[in-house]
Amino acid sequence: MELTRGDTGQFKFQRKDAEGHVILTTPDALYFTVKKSYQSPSVVFQKTLDDMTLDENGTYHFTIEPDDTEALDYGNYVYDIEVTESDYVQ
(Lines give C-alpha, C1' and ligand atoms only; values in the text may rest on other atoms or scores of the structure.)
Protein backbone atom coordinates (compact mmCIF):
# COMPACT_ATOMS: atom_id res chain seq x y z
CA MET A 1 0.00 0.00 0.00
CA GLU A 2 1.30 3.42 -0.86
CA LEU A 3 0.06 6.84 0.19
CA THR A 4 1.55 10.29 -0.29
CA ARG A 5 1.97 12.23 2.93
CA GLY A 6 -0.96 14.61 3.49
CA ASP A 7 -3.23 12.94 0.91
CA THR A 8 -6.53 11.19 1.55
CA GLY A 9 -6.36 7.40 1.20
CA GLN A 10 -9.40 5.18 1.02
CA PHE A 11 -8.74 1.51 1.71
CA LYS A 12 -10.73 -1.66 1.99
CA PHE A 13 -10.09 -5.24 2.99
CA GLN A 14 -11.90 -8.44 3.89
CA ARG A 15 -11.28 -10.89 6.70
CA LYS A 16 -11.09 -14.49 5.47
CA ASP A 17 -10.91 -17.87 7.17
CA ALA A 18 -8.33 -20.59 6.41
CA GLU A 19 -10.39 -21.81 3.41
CA GLY A 20 -10.59 -18.31 1.94
CA HIS A 21 -14.24 -17.67 2.83
CA VAL A 22 -15.13 -14.11 3.81
CA ILE A 23 -15.94 -13.72 7.52
CA LEU A 24 -19.15 -11.72 7.82
CA THR A 25 -19.38 -11.41 11.61
CA THR A 26 -18.25 -8.20 13.28
CA PRO A 27 -15.35 -8.71 15.72
CA ASP A 28 -15.22 -7.23 19.22
CA ALA A 29 -12.34 -4.98 18.16
CA LEU A 30 -10.29 -4.32 15.04
CA TYR A 31 -7.20 -2.11 14.77
CA PHE A 32 -5.32 -0.85 11.72
CA THR A 33 -2.05 0.40 13.24
CA VAL A 34 0.80 2.28 11.53
CA LYS A 35 4.32 2.45 13.02
CA LYS A 36 7.79 3.49 11.82
CA SER A 37 8.98 -0.15 12.17
CA TYR A 38 7.67 -3.43 13.52
CA GLN A 39 9.93 -3.07 16.56
CA SER A 40 8.76 0.46 17.39
CA PRO A 41 6.61 0.70 20.52
CA SER A 42 5.16 4.04 19.32
CA VAL A 43 2.02 4.15 17.18
CA VAL A 44 2.11 6.76 14.39
CA PHE A 45 -1.67 6.56 13.92
CA GLN A 46 -4.39 4.00 14.35
CA LYS A 47 -7.85 3.34 12.93
CA THR A 48 -10.35 1.27 14.91
CA LEU A 49 -13.54 -0.57 14.11
CA ASP A 50 -15.40 2.66 14.97
CA ASP A 51 -13.53 4.40 12.11
CA MET A 52 -14.61 1.78 9.56
CA THR A 53 -17.71 0.73 7.66
CA LEU A 54 -18.51 -2.94 7.09
CA ASP A 55 -20.63 -3.65 4.01
CA GLU A 56 -22.86 -6.66 3.28
CA ASN A 57 -20.00 -8.40 1.42
CA GLY A 58 -17.79 -8.39 4.52
CA THR A 59 -15.58 -5.60 3.21
CA TYR A 60 -14.24 -3.06 5.69
CA HIS A 61 -13.85 0.50 4.35
CA PHE A 62 -11.79 3.17 6.09
CA THR A 63 -10.16 6.45 5.23
CA ILE A 64 -6.73 7.79 6.14
CA GLU A 65 -7.28 11.52 6.45
CA PRO A 66 -4.69 14.17 5.47
CA ASP A 67 -4.18 15.14 9.11
CA ASP A 68 -3.24 11.51 9.92
CA THR A 69 -0.08 11.82 7.78
CA GLU A 70 0.70 15.45 6.93
CA ALA A 71 3.13 15.95 9.86
CA LEU A 72 4.99 12.65 9.33
CA ASP A 73 8.60 12.44 8.22
CA TYR A 74 9.08 11.16 4.68
CA GLY A 75 9.82 7.44 4.65
CA ASN A 76 8.45 3.95 4.71
CA TYR A 77 6.14 2.82 7.48
CA VAL A 78 4.66 -0.53 8.45
CA TYR A 79 1.09 -1.46 9.33
CA ASP A 80 -0.77 -4.37 10.82
CA ILE A 81 -4.38 -5.32 11.33
CA GLU A 82 -5.32 -6.87 14.67
CA VAL A 83 -8.67 -8.56 15.26
CA THR A 84 -10.07 -9.44 18.70
CA GLU A 85 -13.01 -11.79 19.20
CA SER A 86 -13.68 -12.95 22.76
CA ASP A 87 -10.32 -14.41 23.90
CA TYR A 88 -8.99 -14.72 20.33
CA VAL A 89 -6.46 -12.14 19.05
CA GLN A 90 -4.95 -12.32 15.58
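Just so we're clear, the structure is a prediction, and the values are computed from it rather than from any experiment.
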A quick test of your reading: do over 12 heavy atoms of other residues, nucleotides or ligands sit less than 6.0 Å from CG of Asn76? no

Checking Gln90 now: which residues fulfil side chain to side chain donor-acceptor pair (under 3.5 Å) with it, not counting sequence neighbours? Tyr88

Reported CD-to-CD distance for the pair Glu82 and Gln46, which is rounded to 0.5 angstrom: 8.5 Å

Any chance you could lay out the side-chain contact (heavy atoms from CB on, under 4.5 Å) test for Lys16 and Ile23, step after step, and finish with the verdict? CA-CA 5 Å; Lys16 296 184 178 182; Ile23 299 170; 5.6 Å; no

Polar side-chain atom of Asp17 near backbone of Glu19 as donor-acceptor pair, under 3.5 Å: yes

Results of side chain to side chain donor-acceptor pair (under 3.5 Å) for Thr8 - residues two or more places apart only: none

Leu24 vs Val22, side-chain contact (heavy atoms from CB on, under 4.5 Å): CA-CA, chis, key distance, verdict: CA-CA 6 Å; Leu24 297 174; Val22 176; 4.0 Å; yes

Tell me every residue that passes side chain to side chain donor-acceptor pair (under 3.5 Å) with Lys47, counting only those two or more places apart in sequence or in another chain. Asp68

Measure the spacing between CG of Asp55 and NZ of Lys12 and express it to the nearest 0.5 Å. 8.0 Å

Pairing residues for Tyr38 by the side chain to side chain donor-acceptor pair (under 3.5 Å) criterion, not counting sequence neighbours: none

Shared-cluster residues of Phe13, by chain and number - hydrophobic side chains joined below 4.5 Å: Met1, Leu3, Phe11, Leu30, Phe32, Val34, Val44, Phe45, Leu49, Met52, Leu54, Tyr60, Phe62, Ile64, Leu72, Tyr77, Tyr79, Ile81, Val83

Shortest non-hydrogen contact between Pro27 and Arg15, atoms and distance: CD-NH1, 3.3 Å

Give the minimum heavy-atom separation between Pro66 and Gly6, together with the two atoms involved. CB-O, 3.1 Å

If you look only at pairs with a residue in residues 33-45, which of them pass as a salt bridge (charged side-chain N to carboxylate O under 4.0 Å, His left out), with sequence neighbours excluded? Lys36-Asp73

Given 3.5 Å as the limit, does a donor-acceptor pair link the side chain of Ser37 with the main chain of Ser40, or not? yes

Output for pair (Asp28 CG, Glu85 CD), nearest 0.5 Å, gives 6.5 Å

